[in-house]
Amino acid sequence: MNKFFVDRGGTFTDIVAVVSDGAIIKQLSQKKEQYLIVPLPKKQWVVVYKLLSENPERYEDAVIQGIRNILCLADNQSIPTEKIEVVKMGTTVATNALLERKGDRTVLLITKGFKDALRIGYQNRPNIFARQIILPSMLYELVIEVEERYNSNGNELIPVKPEQVRQDLQQVYEQEIRSCAIVFMHSYRYPNHENKVAEIAQNLGFTQISISHQVSPLMKLVSRGDTTVVDAYLSPILRRYVDQVSSQLPNTKLMFMKSDGGLIDAHKFQGKDSILSGPAGGIIGAVQTSLRAGFKAIITFDMGGTSTDVAHFQGEYERQLDNEIAGARMRVPVLSIHTVAAGGGSILQFDGASFKVGPESAGANPGPACYRRGGPLAVTDANVMLGKIQPQYFPNIFGKEGNSPLDKEIVNAYFIELYQEIYQGTNQQNTPEEIAAGFIKIAVEDMANAIKKISLQRGYDVTNYALCTFGGAGGQVACLIADTLGIKSVFLHPYAGVLSAYGMGLADIRVIKESAMEKPLNKDLVSELKLVINQLENQARQELDEHESIKGEKIVTKVSLKYQGTDSTLLVDFAEDVRVMQESFAEEHQLRYGFTQPQKLLILESISVEIIQIMDSPDEPFITRTRPLDQLPKPIEIVPVFTDNKWQDTPIFQREDLQPQDNIEGPAIIVEKISTIMVEPHWNAKLTEHNHLILSKKDDS
C-alpha cells in the first residue's frame, strides 16, 4: 500500500510518497532527473516529486496529477485507489481565496443594535502614524439584525421571532446567497437563540451555516463574530476542493492538515482551520526531523516561492489564539507562524532611488524571469545571476511545455538593463552582480527581522538555537540568515526542499476543544475546571475516529490566564495545584514582558483540552560510509560564484555523493534534485549517518 503526503503551495506542489511497489520504483528510476528515490527498510521507498501548482495547459489539479505521475499512469488510466492507503495534505486553497477575496457570498445574522460591530472592530491602529486608515473589506455581503437578547446571566430578555427571521432570510436566499454566519450576544454560553435561527436557515436551504458558539465558543463578540464569518466565507470553497479531490480518489482515506498542526478527516475540515494548512505541515516536519537530529531549541525557516514562514520551538509547539491574516481577524488556535512576503518569487524593483524586494510575487505563473514564461526579475533570478543557482542542476520543468531548464541568458540581460537604468538615474556604477547581491541582502534582512520578532523580541537568545532550513529556496540563503542573527548551526534534512509535505506524514491527529470561563483563579475553581475538562474531552472524542490505527494517545490541558484588569492572556499547563499555575504564569510573564505584578488577582479566561492520537510515521533513511575517512568526494564542477563581494571559484557537490562524516569547506554548492544549498565562506557542511546535513560556522571567522 502506498502513502502520499502533499503540500499544495502557491508556487509548487510537493509530494512525498512512501511506495511499497517495486515495479513502480523500477519505472520511476528511468526518470531520475524528475524523482528523488530513497530506499527504506522493509522493502519500501520514499519518492519525492515537485510540480508547478498551476499549469493549466498540462493538468487541471496538481495534486491528482502528481499522484498519477508517481503511480506511472497513462492519461486514460483511472487511479487504482485500492493501492493507496492514505493521502495526507495541506492546501492553500482557502488562504488564496481569503487573500483574493474570492470566498462564497455570505450573510451575517447578528443581535439587533450590533449591525456594524464587526466593521468597527476594536479600533486597533497597526500603524499609529498613518494619516489615512484603510479598513479591510468585510467578508460578509449583507447583514440581518435579529431582534433577540440574552443578558450575561442567561436571562432571556427578548425571544427570537421565527417568522421575521424566516422572512429576512428568504429575501437573502432569493439573492442567491447560500452561506450564513450567526453571531448573537452571549451565545458562547447561551446558544439557544443561535440554534433556533440555524434551524430556520437550514430549512430554507442554506448550504453553509456557521454558528458562533460552535465555531469559536469564547468571549468577545467581535472576535467570535469575525471567526464565524471567516468560516462561513471559506468553508464552501474548501468543501468544493475536498469533493473535487475525493471524486478522483474514491474510497481513499483523505486527511488534511489544520492550522493548529493536527490532521483531520477531509470531510470534517472547516474554513476556520485551513488558513495555515500548508505552513503548519512545514512546522511539524521541521520540529520532528530536528528532534530526530538532536536539536531541541529550533528556529524553523521555510522559504518558498511566494513567502517565508518562521517559527520558534523550545519543547512544545507554540500556538496563538488571536490572529489577523489578510485583513481577517480570527480567534482559533493556530501554530504561531510569522510570515514575511519574501520568497524566491518576490519581485525585485528599483523605484529610481532605492531597491525593493516584494511584497508582490511572480508566483508560479508566470514566475521569475528564469522560468521562461515572461515573468519579472525575482529573488530566484538574483541567485541565478550570482551563480548560486546553476540551471544545469535544476529540474527541466519550465517553459510552456514544462520541459525546459532555467533561462540564465534572460536573467543576465534583465540585470544589465537594470544596471543601465540605475546608472542613468543615480550615476552609480554598481555591476549587475553587485545589484543582484544588494537585492539578496535586502531579502535576507527582511527574513532575519521576521525571525527577530518571534525570538529576540520575546526574550529568546537565538545564538544557542539551530536554524532548521527548508522550502525550495531556503538552502540558498541559510548561511546568510544565520550570519545576520549570530546562529552557529543550520540543519538541512534530506527532504528539506519538500519538508512541508513530509511534515504531513509526521503529523498526528489532533482535536482541540475550548470553553470560556472568565473567573478568578483560586482553589475553589479547580473542581469546576475538572468537570469542564471532562466535558471538553468528551466533545473532542466525538470528532475522533475510534477505528484509526494509532501508536498511542496524549491529552494536553491548557488554561489561559491574565491579570485582572488587563486583556493580554498567556497559556500555561493546567495543574490541580493553583500555585503551580500561578508560578508558571509569572515565569512566562517575566520572560515575555520583563516584569510581574504579584499583587494582582489572576483571571482564568478560558480552558482548552487537546487530544493527540499519535500516528505511525516514516522511518529516517540510514546510510553508511564506504570511502576512507581522509577522502572527500570529488566536485562535479567548479563554477564562479559571486559571494563575499567577489567572484570565487566554487566547487559543486551532489548531495547523493556525500557520505557520513564528509566535511565540505565553504564556499561550496551542494545540489539536490529538490533544492540547492549554498555553503558560504567561513562555513562548513558535514553529513551524518541519517543523511542530515549540518552547516556550522567556523570558530576562526
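Atoms considered below: every heavy atom in the structure, side chains included; atoms not considered: hydrogens, waters and symmetry mates. Note that this is a predicted model, so its numbers are computed, not measured.
Side chains of Ser515 and Gln535: no donor on one and acceptor on the other come within 3.5 Å. Using a 3.5 Å distance cut-off with no hydrogens or angles, the side chains of Ser210 and Thr228 do not pair a donor with an acceptor. Side-chain atoms of Arg101 and Ser137 form a donor-acceptor pair, as typed in the model, at a separation below 3.5 Å. No hydrogens or angles considered: nothing links the side chains of Glu514 and Ser606 as a donor-acceptor pair under 3.5 Å. Side-chain polar atoms of Asn323 and Gln320 form a donor-acceptor pair below 3.5 angstrom. The closest side-chain donor-acceptor pair between Ser212 and Arg224 falls under 3.5 angstrom. Checked by atom type, the side-chain pair Ser187/Glu194 shows a donor-acceptor distance below 3.5 Å. A donor-acceptor contact closer than 3.5 angstrom is absent between the side chains of Arg239 and Thr207.
With hydrogens and angles disregarded, a donor-acceptor distance shorter than 3.5 Å links the side chain of Thr92 to the backbone of Arg8. Although no hydrogens or angles enter the test, the distance criterion places a donor-acceptor pair under 3.5 Å between the side chain of Thr566 and the main chain of Tyr563. Under a 3.5 Å cut-off, the side chain of Asp508 and the backbone N or O of Met615 do form a donor-acceptor pair. With Ser235 contributing its side chain and Gln270 its backbone, the two residues share no donor-acceptor pair below 3.5 Å. The main-chain N or O of Phe574 is never found under 3.5 Å from a side-chain atom of Thr557 such that the two would form a donor-acceptor pair. For the pair Tyr233 (side chain) and Gly103 (backbone), a donor-acceptor distance under 3.5 Å is present. Judged purely by atom type and a 3.5 angstrom limit, Ser179 uses its side chain to pair as donor or acceptor with the backbone of Ala232. Checking side-chain atoms of Glu156 against main-chain N and O of Arg149 turns up no donor-acceptor pair under 3.5 Å. Thr95 places a side-chain N or O within donor-acceptor distance of the main-chain N or O of Ile275, the cut-off being under 3.5 Å.
Screening residues 200-232 for ring pair (Phe, Tyr, Trp, His ring centres under 6.0 Å) gives Tyr173-Phe206 as the qualifying pairs, with residues at least two apart or on separate chains.
Looking at Asp273 and Lys268, their side chains never come closer than 4.5 Å, going by heavy atoms from C-beta outward. Side-chain atoms of Val245 and Ile64, non-hydrogen and from C-beta on, do get closer than 4.5 Å to each other. Within the 4.5 Å cutoff, side-chain heavy atoms of Leu98 are placed close to those of Leu234. Ile237 has its side chain out of reach of Lys102: every pair of non-hydrogen atoms, C-beta onward, lies at least 4.5 Å apart. Residues Leu109 and Val183 have side chains not in contact (no heavy-atom distance under 4.5 Å, counting atoms from C-beta outward). Looking only at side-chain heavy atoms (C-beta outward), Glu543 and Lys513 come within less than 4.5 Å of each other. Between Leu591 and Tyr460, some side-chain heavy-atom pair lies under the 4.5 Å cut-off. For the pair Leu169/Ile144, a side-chain contact is recorded, criterion being any heavy-atom separation below 4.5 Å from C-beta on.
Expressed to the nearest 0.5 Å, how far CD1 of Ile211 lies from NE2 of His193 amounts to 14.0 Å. Note: Leu531 CG to Ile533 CD1 = 9.5 Å, rounded to the nearest 0.5 Å. Atom CG of Leu276 sits about 13.0 Å away from atom NZ of Lys258, to the nearest 0.5 Å. Going from atom CG of Leu571 over to atom OG of Ser560 covers 5.0 Å, rounded to the nearest 0.5 Å. Atom CD1 of residue Ile67 and atom CD1 of residue Ile15 lie 6.0 Å apart, to the nearest 0.5 angstrom. Between the NE2 atom of His589 and the OG atom of Ser568 there is a distance of 7.0 Å, given to the nearest 0.5 Å.
Classification of Arg319 and Asp260 as a salt-bridged pair fails, no side-chain N sitting under 4.0 Å from a carboxylate O. Salt-bridge formation is detected for the pair Asp567/Lys220: a Lys NZ or Arg NE/NH1/NH2 atom is positioned less than 4.0 Å from an Asp or Glu carboxylate oxygen. Ion pair Lys112/Glu148 not flagged as a salt bridge, since none of the NZ, NE, NH1 or NH2 atoms sits closer than 4.0 Å to an Asp/Glu carboxylate oxygen. With respect to the salt-bridge test (charged N to carboxylate O, under 4.0 angstrom), the residues Glu610 and Arg510 qualify. Salt-bridge annotation for Glu518 and Lys562: present, with a side-chain N of the basic residue lying under 4.0 Å from a carboxylate O of the acidic one. With respect to Glu199 and Lys196, no salt bridge is recorded, no charged nitrogen being found less than 4.0 Å from a carboxylate O.
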Listing, residues 327-334 side-chain donor-acceptor contacts under 3.5 Å, not counting sequence neighbours, or none:
residue, atom, partner, partner atom, Å
Arg329, NE, Asp226, OD2, 2.5
Arg329, NH2, Leu118, O, 2.8
Arg329, NH2, Asp226, OD2, 3.0
Arg331, NE, Asp322, OD1, 2.9
Arg331, NH1, Met219, O, 3.2
Arg331, NH2, Glu605, OE1, 3.0

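The two residues Ala516 and Arg189 come nearest to each other via the heavy atoms O-NH2, 4.3 Å. Looking at every heavy atom in both residues, Ile337 comes nearest to Ala280 through CD1-N, 4.0 Å. Scanning all heavy atoms of the two residues, the minimum distance from Asp231 to Gly271 falls at OD1-N, 3.4 Å. Residue Leu506 comes nearest to Ser617 through the heavy atom pair CD2-CB, 3.7 Å, listed as atom of the first residue, atom of the second, then distance. Between Pro236 and Asp104 the shortest heavy-atom distance is CB-OD2, 3.1 Å. Of all non-hydrogen atoms in Phe470 and Ser500, the two that sit nearest each other are CE1-OG, 4.0 Å.
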Ser277 and Thr91: side-chain hydrogen bond (donor to acceptor under 3.5 Å, both in side chains), yes or no, with the steps?
CA-CA 6 Å; Ser277 173; Thr91 176; over 6 Å; no

Please walk me through it: do Glu60 and Gln65 pass side chain to side chain contact (heavy atoms under 4.5 Å, CB included)?
CA-CA 8 Å; Glu60 182 180 344; Gln65 186 63 38; over 6 Å; no

Side chain to side chain contact (heavy atoms under 4.5 Å, CB included) for Tyr59 and Leu52? Distances and angles first, verdict last.
CA-CA 10 Å; Tyr59 43 79; Leu52 290 170; 3.8 Å; yes

From CA spacing to verdict: side chain to side chain contact (heavy atoms under 4.5 Å, CB included), Ile603, Lys519
CA-CA 6 Å; Ile603 302 297; Lys519 294 184 178 181; over 6 Å; no

For Asp7 and Thr13, what are the C-alpha separation, side-chain angles and deciding distance, and is it a side chain to side chain contact (heavy atoms under 4.5 Å, CB included)?
CA-CA 6 Å; Asp7 173 36; Thr13 290; over 6 Å; no

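Annotation for Gln202: atom CD does not count as buried by contact number, only 12 or fewer foreign heavy atoms lying within 6.0 Å. More than 12 heavy atoms of other residues, nucleotides or ligands sit less than 6.0 Å from atom CD of Glu174.
A search for side chain to side chain donor-acceptor pair (under 3.5 Å) contacts involving Asn155 returns nothing, not counting sequence neighbours.
Between Tyr241 and Phe256, the ring planes lie perpendicular to each other; the angle is over 60°, past the 30° to 60° tilted range.
The aromatic ring centres of Tyr190 and His186 sit 6.0 Å or more apart.
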